[in-house]
Structures are given as structure tokens and as C-alpha cells.
Amino acid sequence: MPLESKYEITEREAHWREFWAKQNIYAFDETSDKPIFSVDTPPPYVSADHLHPGHIMSYSQAEFVVRFKRMQGYNVFYPMGFDDNGLPTERHVEKKYKIKNKDSISRSEFVKLCLEETQKGIQTYRNLWSLLGISVDWSKTYSSINTHSQKISQWSFLDLYRKGLLTQREDPIMWDISFQSALAQTDLEDSEQDSHLNDIVFTSQESGEQLIIATTRPELLPAAVALFFHPEDSRYQHLIGTKAITPISGHTVPILTDETVDKDFGTGLMMVCTWGDSEDIAKWKKYNLETRLIFNQKGILNELAGNYAGGHIIKLRQLILEDLKKQNLLVKQTPITHTVQVSERSGTPIEFILTKQWFINVVEHKEELLEQGKKLHWYPKRMFSIYADWVSSLKWDWCISRQRYYGVPIPVWYHKQTGEIIIPQEDELPVDPTEYTPRGYKAEDLIPEQDVLDTWMTSSMSPEIGAGLVSNPELTAKLFPSSLRPQAFEIIRTWLFYTVTKAYFHHNTLPFSDVMISGHGLDNQGRKISKRLGNFTPPEQTIANYGADAMRYWATGTTLGENIRFNEEEIKKGKKTVNKLFNAGKFAEMHLQNFTLPDQAPELELIDKWILAELNQTITLATESFEQYEYYKARTAIDQLFWNKFTDYYLELIKYRLYDETPEGQNSRLAAQYTLYVYIKSLLKLYAPILPFITEELYQGLFLENNTQNTSIHTSNWPQSNTAWQLSEEENNLMTDILAVVEAVRAYKSQNSISLGKEIESFTYTSTQDLSPYENFLAKALRVGKLMK
RNA sequence: GCGCGUAUAGCUCAGUUGGUUAGAGCGCAUCCUUGACGUGGAUGAGGUCAAUGGUUCGAAUCCAUUUAUGCGCACCA
């Protein structure tokens with residue numbers, strides 16, 4: 001199939017997209033006995049309304065390696081998942097349909113809306129990934145809310161429950177009062193906020209002495225349950241065993257000592273409440289303190305808040321401060337900036353309330369989970385420290401129940417009479433307890449669990465969910481653990497940690513052997529690309545302007561794990577590379593018209609051997625680099641080979657041979673054609689993982705006529721390095737001087753404003769070696785009448 | 001506060017285990033319409049490798065301290 005005269009990017013990319021889809025070349029071969037390379041593809045949140053260059057970057061970077069592996073002869077399993085349940089989708093639907101209060105809509109109605117939005121989101125992603133040429137097997141897709149995923153997610157729950165790793169406890173739990181749901185440690189975010197440190201007066205019940213404490217949360221005064229000071233603080237020894245009267249609410253609290261109290265903070269007296277932070281909870285547990293929870297799940301104050309009952313916790317601080325002032329009990333206010341933990345999704349500062357929730361016991365397994373993380377192959381290595389930091393700082397067990405609508409139901413019932421916890425049989429999964437009665441029970445005897453599972457409960461099973469997409473169980477077993485998990489560093493503490501945890505608890509294994517961690521996209525000023533800032537060009541637009549290959553080329557622009565700035569110049573460079581490749585292809589086509597590859601290589605000239613030696617080196621380097629997930633290194637090596645070795649030198653230096661139609665020039669011409677053929681074919685393959693479209697175009701156009709076996713460059717074999725293609729040291733030295741002569745002639749012409757194509761009479765070069773056998777070649781190639789030493 | 005990164009040409013970034021004159025692309029200057037390509041080509045200018053000190057025959061690279069900046073964790077009564 002001859003090449004067009006011009007490469008129409010948009011049209012040709014669309015053509016190849018269709019071709020690949022029709023030929024199904026990215027499909028996992030269930031019957032093959034080739035080694036498997038399986039990818040645990042990140043399932044993106046489908047509620048993302050706009051995809052940005054950051055998404056392009058991370059998915060492309062992983063995909064370069066996947067394409068490489070496919071060409072290396074692996075049977076690639078590359079599924080795609082979509083994370084569609086959980087808060088983000090609910091929020092999205094609430095916003096879009098202006099649902100302020102969930103009571104105004106039934107659970108099933110609401111879930112239906114979520115599913116509809118999910119489908120739209122999936123379509124958006126799918127369109128963009130196709131546009132970009134992401135080579136996933138679209139017949140292997142899942143969404144985290146579909147039956148398949150629910151089944152595995154609920155199985156995970158059952159398995160952990162049976163292993164005793166899962167418990168239901170009534171515990172203080174981090175709570176989002178605006179979304180009214182429990183949160184896990186990872187759902188939190190730090191937020192710098194301006195506030196005041198308030199010095200407030202308590203009164204000693206015994207002596208009437210004023211006891212001043214400092215707090216940033218005066219609204220929790222009605223929830224105060226104790227005062228503490230350091231056991232060695234001489235100022236307060238006389239208070240041991242006495243009580244203090246709380247201002248405003250008037251209740252009394254014990255005065256106790258604890259080593260963790262900082263003598264130098266404020267007055268050295270500390271108020272403990274139900275519960276301002278994790279320290280409060282720790283002391284509450286340690287000293288078995290009273291529980292004075294003053295608000296409910298919506299943040300509404302109860303009778304313990306006295307006169308304030310019925311109000312909202314968020315407004316209480318202001319009211320209490322005013323009342324304290326009136327009573328002269330607020331002695332000082334110091335403005336401070338401090339870090340407040342807020343819910344990542346709502347931005348609301350977290351509160352603690354007491355509820356019954358399901359927890360996975362991770363804290364007591366910290367050490368083992370750290371060990372598991374150590375066993376993974378991290379690319380780049382340093383990313384392990386983020387994992388290690390996180391695991392060793394774990395304070396809370398993983399709360400997996402959420403008081404939401406759109407999620408995988410917790411597969412549990414409670415027996416009305418006995419209170420017994422009832423779980424279904426595995427073959428009953430997936431179940432919605434609110435609509436299903438487990439075998440052997442009567443609906444009227446059971447209370448169904450209403451809560452759903454944390455969305456990470458499902459996505460942490462992604463390797464198993466992916467592996468389960470094939471038709472037979474034996475194959476599923478081969479697909480787990482996965483070969484590769486590509487992901488961004490922001491979700492090491494969530495997705496990665498939870499997946500490692502699950503694989504360890506369920507199968508006592510790692511979920512995958514390699515982890516490839518990408519950085520994130522930055523705008524051209526170095527700010528993180530985000531939906532909120534809107535600081536990005538939609539990828540669809542960039543692709544329309546420059547092509548998918550150019551966009552992908554940009555994604556190679558930095559080493560793995562580094563952030564990358566969106567830079568239109570880099571994309572232009574990608575487009576130029578595509579253009580240059582096309583033109584080189586056209587040149588090759590012109591000169592390979594009647595050429596067929598002979599069984600035996602013709603006798604090559606030094607320059608032919610040189611470019612093949614360069615090719616050989618690059619094959620070795622690119623292969624090693626891709627193996628190490630160093631696509632950047634591979635790309636620059638290939639760029640060098642193409643631009644700096646081939647187009648700058650080789651191509652220009654052999655033109656005269658290709659145009660030579662005289663009988664005595666035929667051997668030389670054949671050698672050049674042979675070299676050109678071998679070189680271009682390998683070069684295209686080297687570029688194929690990064691630039692799948694243009695390489696397919698040229699591969700099909702130049703090499704596929706007589707080759708019916710490989711339908712696509714992307715299923716062809718990765719080029720092998722060839723030991724025959726090596727220069728001896730002597731040849732190497734000769735080439736160095738030959739290229740120096742080339743440069744000298746070019747410099748001479750350039751400095752004298754002579755066109756390179758114009759023949760000059762003579763040129764005198766210097767070399768310590770005997771270049772006389774090559775003078776003729778150089779003279780012809782460089783258009784010099786006579787070349788002299 | 002602890003930990004992990006980053007700092008190299010005007011801009012965006014490479015630089016493997018320390019080894020001649022530190023690289024690329026873009027931008028800039030001068031020139032060339034050569035038969036794949038003007039979305040091109042040739043030549044060239046441009047760097048105290050954040051700072052200081054040290055190890056070494058030799059340091060962008062190793063060590064120490066410092067500065068700037070990003071991230072993770074902790075603190076945050």
C-alpha cells in the first residue's frame with residue numbers, strides 16, 4: 001500500500017484506530033501459551049468531568065511499556081476498569097440534579113441517576129483513551145459497581161470476616177458532618193486555617209481557684225470530660241484528685257495527670273473532650289473517661305449542650321465565645337495558624353462521633369504490611385518511602401463502612417432476636433441485604449445492614465477483578481498476581497496500600513510484582529493541573545491540533561515519577577518527529593521500490609556497517625530502558641539514532657549511491673538499499689511503543705505487502721540486537737575521522753555561504769589515519785571535486 | 001520537627017557505577033530554496049552545574065553544612 005503524499009494526521013490516526021479495533025490486535029489471547037504480562041490498570045473515577053493532560057501523561061507512560069512488552073512477545077493482559085461508586089459520583093449527581101436532601105429521593109432512584117452518570121463518564125474516558133491509542137483490551141472492562149466487582153468485593157468482606165480480620169465495633173470514628181458519613185484515615189487532608197487559641201477559665205470545685213486552659217475548640221466545652229497536667233508540673237500538684245467546674249455548661253470534670261501533656265504549652269493545663277482529636281480519644285480510652293457527645297451525625301446539638309441544644313456545632317464556637325466574654329471567662333485570645341484535618345471530599349473539618357462501624361484490622365499488622373511493601377519492585381525506588389511513611393504512621397484501623405447510597409452493599413444481616421451477625425454463602429453473592437434474604441432465613445427475622453462499603457474496599461481488589469474477566473478459572477489464576485501496577489503517587493497510601501493489604505490477607509502474596517509510579521501534570525507555570533484551577537487545554541483539542549502521537553511524545557518528556565509541565569513546544573517537537581519519520585519513510589519507499597530483502601546480506605560499506613552498529617547499540621539501550629520503565633531514556637536514545645545519526649549523516653551520505661543507476665554502482669546501491677531497509681524497519685519498531693500511529697502507517701506502507709503473518713507493527717517482534725552489527729575498534733576510529741571530515745566540509749561551506757549542494761573544487765582535511773580508501777566516497781557524498789589530506 | 005525529592009543554557013529537561021573541551025529540544029544569530037522533509041538543512045553564540053567547605057590525581061556526580069522549592073509523615077490542647 002503506497003504512502004500518501006502527505007500525512008494527514010487526524011484522518012490517518014482515525015484510520016488506524018479503526019484498523020486496530022477491527023483486527024482486535026490488543027485482545028488478550030486466552031489460548032496462547034506465551035508468557036503473560038498482566039496489567040492492573042488504574043480505574044479512574046468516572047465522575048471526573050474533564051480529563052486533563054495529567055491523565056494523558058500517566059496512562060501513556062504505562063502504556064509505552066505495555067506496548068513494548070507486547071512486541072517482546074508477551075501475551076498482554078491489559079484490562080480497563082472504571083471506579084464509579086462512592087462519594088465523588090454521589091456528589092456529582094447531587095450537584096448536577098440539585099439534590100440538596102437525600103430524603104427527597106429514594107435510594108433506588110438516586111442509584112439509577114448515579115449509574116446513568118457513570119455510563120456517560122465511562123464513554124468520555126473510553127473516547128479519549130481510544131483517541132490516544134491506549135492499547136487496552138476493551139473486551140476486558142469492569143466497573144467497580146458492576147455485578148462482577150460487587151461479587152469480588154463482597155467475597156473479600158466474607159473472607160476477611162471469616163479470618164477474623166474484620167470486626168464491627170462501636171468506636172469514635174472520624175466523621176464528615178456535611179456528607180454524614182464515616183471516613184478512613186486516608187480520606188483526610190490537612191488544611192491550614194487561621195484560628196485563635198483561647199485561654200478559658202475553669203474553676204476548682206474544692207478551692208474556687210481559677211484554672212486556665214488553652215483551646216482552639218471552645219465549642220467543645222460542654223463536651224469536656226477531664227483536665228490534665230504533666231505529673232511533674234509543680235504548679236498543679238495540689239490539684240491531684242480534685243475536680244474542676246466547666247464554664248458555660250457547669251458540669252464537673254476530674255483533674256488527672258498524663259506524661260504526654262506539654263508543660264510549656266499554654267498554662268500546662270489541658271482540656272480533654274469527647275472528642276476533639278485523636279489525643280482526646282487516646283486519653284478517653286486510657287483513663288476510661290466519661291462520654292459527652294454533644295451533637296449527632298448531622299452536627300445538631302443535643303441536651304448535653306444545654307441552652308445551645310438544637311443548634312449546629314459549626315455555629316457553636318461563636319456563641320460560646322460571646323457568652324464566655326460576657327462572663328469574663330475568656331482571658332486571652334491568641335491568633336494562630338494551625339493545621340486542621342478536613343474531609344478530603346467535602347473540605348469540612350472532621351469531627352468524631354460514636355457509631356458502630358466495620359473495621360479491617362490493619363494497625364496490628366503494620367510490620368507485615370511494611371515487609372510486603374519492601375518486597376515490591378518499585379519504579380522509581382524512592383517511592384517506597386511514601387508507602388513506608390504511611391504504613392508506619394497508621395493510627396486507625398481501616399473503617400470500611402460508609403453511610404452512603406451508591407456503593408457495594410455490606411453483605412450482612414442481624415438477627416432480630418439474637419442479634420447474631422449473618423453472612424451469605426459465597427454462591428449467593430452479590431447480594432443487597434435490603435432486597436435479599438439469605439438462604440435458610442426468613443426475611444422477617446432479619447435486619448439488613450444499610451451501609452455500603454468504602455469504595456477502596458472494591459478497588460483494592462482490582463487485580464483479582466481484572467483477572468476474573470477471563471472465561472476460565474485456570475487462566476484467572478495465571479493472571480494474579482499482576483505483573484505491573486501503574487499509578488500516580490498520590491494514591492500510594494490508598495489504592496496501593498489497600499491492594500497490598502488485601503492480597504496479603506486473602507492470599508498471603510503480593511498483588512503484583514512491579515509498581516510504576518508516575519508524577520503528575522503541571523501547567524506551564526509549574527502549578528498542579530487541576531479541574532478547580534481549569535489551568536489546562538483539553539487533551540482532545542491538543543490531539544486535534546497535533547495528533548495523538550505528538551501528545552504521547554510529550555508524555556515521554558521526563559523521567560518516571562517526576563512531574564511534567566505541559567509544554568506546547570514539546571508537543572510540537574513530537575509532531576515534527578512524526579513528520580520527519582513520514583518523510584524518511586517516503587524517501588525509503590522511493591528507493592526500495594523494486595528491492596526485495598536478499599537471503600544473504602550484500603557486502604556492506606563502512607558507513608552502512610556504522611549505522612547498523614548504531615542501530616544495534618540503540619536496540620540494546622532502548623530494550624534495557626523499557627525493561628526498567630525508563631521510557632524517557634529509550635525515547636532519547638531512539639531520537640538520537642534517528643535525528644543525529646540517520647538524518648544528519650547517514651541519509652545524506654548515501655544519497656549519491658541510491659541515485660546511482662550505472663552498472664558499476666549496483667553493488668554499492670544494493671548495500672545502501674539493504675541497510676536502509678533493515679534500519680528503517682527496526683527504527684519503526686523502536687518508535688512503535690511511543691508513536692503507534694505513524695509507525696503503523698509506515699510499517700504497513702513499506703513492509704507489509706509480502707508479510708501476511710503480522711497484521712500490525714504492534715504485534716510484530718521487537719528488534720533484536722545483532723552481534724554481526726558491530727564495528728571493530730579500527731573501523732570505529734575511521735568513522736570518527738570520516739564524520740569529522742564531513743563536519744569540516746559543512747562548516748567550510750556554511751561559513752562561506754556556499755550551499756551544501758553546490759560542488760566545491762577541492763578540500764583539504766587533516767587526519768592521523770589513512771582515509772584514502774574513503775576519499776572517493778566522501779568527495780561524492782559531500783560534493784567536493786577533490787579531497788586532499 | 002523527621003523523611004524523600006528537586007535546583008544544570010533565556011525556557012523545558014537529560015546527564016548511568018566520579019574520567020578529556022557538561023548534552024538535547026525550543027528560542028536566538030548567520031547562512032543554505034541539495035532530489036524525503038522550509039513542519040527543512042548547515043554553522044554558531046550561550047552554562048562558576050544553587051552556595052560554602054571537604055574527600056580525590058580528577059567532582060554536576062561522593063560526603064558535610066546552608067539556601068530555595070515540592071511532596072510525605074508528625075505536631076497542631
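Just so we're on the same page: letters track the sequence lines, and every chain starts at 1. Hydrogens, waters and symmetry mates are skipped; everything else that's a heavy atom, side chains included, is used.
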Novice: Can you find a donor-acceptor N/O pair under 3.5 angstrom joining the side chain of A/S750 to the base of B/A42?
Specialist: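 Present.
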
Novice: Compare the aromatic ring of A/Y632 with the six-membered base ring of B/A14 and state whether they stack according to the 5.5 Å and 30° rule.
Specialist: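 A/Y632 vs B/A14: stacking no.
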
Novice: As a test of reading the structure: which of B/G72, B/U43, B/A14 is closest to the side chain of A/R493, going by heavy atoms?
Specialist: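 Nearest to the side-chain atoms of A/R493, counting from C-beta on, is B/G72.
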
Novice: When you measure only distances, ignoring hydrogens and angles, does the side chain of A/K580 come within 3.5 Å of the base of B/C37 through a donor and an acceptor?
Specialist: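 For A/K580, whose side chain was compared with the base of B/C37, there is a donor-acceptor pair (under 3.5 Å).
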
Novice: Can you tell me, in whole Å, how much space there is between the P of B/C11 and that of B/G27?
Specialist: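 Between the two P atoms, the distance is 16 Å.
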
Novice: Check RNA chain B for consecutive Watson-Crick or G-U pairs with both distances under 3.5 Å and list the runs of at least three as stems.
Specialist: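 So far as stems of 3 or more pairs are concerned, RNA chain B shows B:1-7 with B:67-73, B:10-13 with B:23-26, B:28-32 with B:40-44, B:50-54 with B:62-66.
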
Novice: Please say whether the positively charged group of A/R635, taken as NZ for Lys or CZ for Arg, lies over the ring of A/Y553, i.e. under 6.0 angstrom from the six-membered ring centre and within 45 degrees of the axis.
Specialist: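 Yes, A/R635 sits over the ring of A/Y553.
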
Novice: Please determine if a side-chain N or O atom of A/K576 lies less than 4.0 Å away from the OP1 or OP2 oxygen of B/C26.
Specialist: yes

Novice: Could you tell me how far apart A/F265 (CZ) and B/A77 (P) are, to the nearest whole angstrom?
Specialist: 6 Å

Novice: Take atom C1' in B/A77 and the same atom in B/G72, then report the distance between them in whole Å.
Specialist: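 Those two atoms are separated by 25 Å.
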
Novice: Is a donor-acceptor pair below 3.5 Å formed from side chain A/K6 to base B/U39, judging by atom type as modelled?
Specialist: yes

Novice: Give one of base, sugar-phosphate or nothing for A/K655, where a contact means two heavy atoms less than 4.0 Å apart.
Specialist: base

Novice: For a quick check of understanding: with a heavy-atom distance under 4.0 Å over all strands, which category does A/N563 fall into, base, sugar-phosphate or nothing?
Specialist: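 Nothing, no heavy atom under 4.0 Å.
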
Novice: Using the P atom on both, measure B/C4 against B/A45 and round to a whole Å.
Specialist: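 To the nearest whole Å, 42 Å.
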
